[in-house]
Amino acid sequence: METEQRYLTIALTKGRLASKTMGMLEQIGITCEEMKDPDSRKLIFTNEEQRLRFFLAKGPDVPTYVEYGAADLGVVGKDTILEEQRKLYEVLDLGFGACSMCVCGPESARRYLEGQELIRVATKYPRIAKDYFYNQKNQTVEIIKLNGSIELAPIVGLSEVIVDIVETGSTLRENGLTVLEKICDLSARVVVNQVSMRMENDRITKLLQALSRSVLGE
Ligand code: PRP
């Protein structure tokens, strides 16, 4: 008797990245109808025919699922990959979700970045901020971890600057802040579990090739 092929499991970042990823998968012939119901609270979906399973996780948890092999692949922002530092392969830039990681603050805070002053930096990304200030700028700073609305910090005097994602720049503008330094570019990436990459190489390679063609618009 022929044994059924195992499911290839793909972890998606809940929200906008998941919808864009599903859109791109659809372009390459991978669909998942039950995932399209906007009122559904379901977290896991299967495509029996293609032996694929998708689940929706919080961004920072996607690399965790992939490192432990609970998902073979994942789609997650580069910011999260840098922050989580998990053991996995980052294999493809999907191009969407483009934005950048920046040091931001009021224009008057620019001078704090020129010297060696011990300033406070508020961020949702303490590892990225620490690496940037300690290893790239050689500036000792105090990092303050926040969970959102980071732009508030310099306005209310919690920190001199912030390290945060800038997409359109409107949150900064509307709060009287500006980009002071750019740390790096970000976008959605495909990550793969290191064991799955060997064990499921054929299926994963085919999927990645189709996605790369779609990224290139071929
Ligand atoms: C992100 C980020 C900025 C904003 C940038 O926050 O932290 O606040 O988006 O986007 P913009 O440049 O287009 O204005 P998000 O909306 O994810 O919410 P958060 O404040 O809870 O992190």
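Worth saying up front: this structure is predicted, and the values here are computed from it rather than measured. Note that ligands are numbered from 1 as they come in the structure, with each ligand's atoms numbered from 1 the same way.
With respect to the salt-bridge test (charged N to carboxylate O, under 4.0 angstrom), the residues Glu181 and Arg110 do not qualify. A salt bridge links Glu200 with Arg203: the distance from a Lys NZ or Arg NE/NH1/NH2 to an Asp or Glu carboxylate oxygen falls below 4.0 Å.
A search for side-chain hydrogen bond (donor to acceptor under 3.5 Å, both in side chains) contacts involving Asp131 returns Asn135, not counting sequence neighbours.
Screening residues 56-82 for salt bridge (charged side-chain N to carboxylate O under 4.0 Å, His left out) gives Arg6-Asp72, Glu67-Arg86, Lys78-Glu90 as the qualifying pairs, with residues at least two apart or on separate chains.
For a heavy-atom separation below 4.0 Å, the residues in contact with ligand 1 are Lys124, Gly148, Ser149, Glu151, Asp164, Ile165, Val166, Glu167, Thr168, Gly169, Ser170, Thr171.
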Identify every side-chain donor-acceptor pair in residues 146-160 under 3.5 Å, counting partners at least two apart or on other chains, and give the distances.
residue: Asn147; atom: OD1; partner: Lys145; partner atom: NZ; Å: 3.2
residue: Ser159; atom: OG; partner: Val161; partner atom: O; Å: 2.8
residue: Glu160; atom: OE1; partner: Arg120; partner atom: N; Å: 2.7

From CA spacing to verdict: side chain to side chain contact (heavy atoms under 4.5 Å, CB included), Thr31, Asn47: CA-CA 7 Å; Thr31 51; Asn47 177 324; 4.3 Å; yes
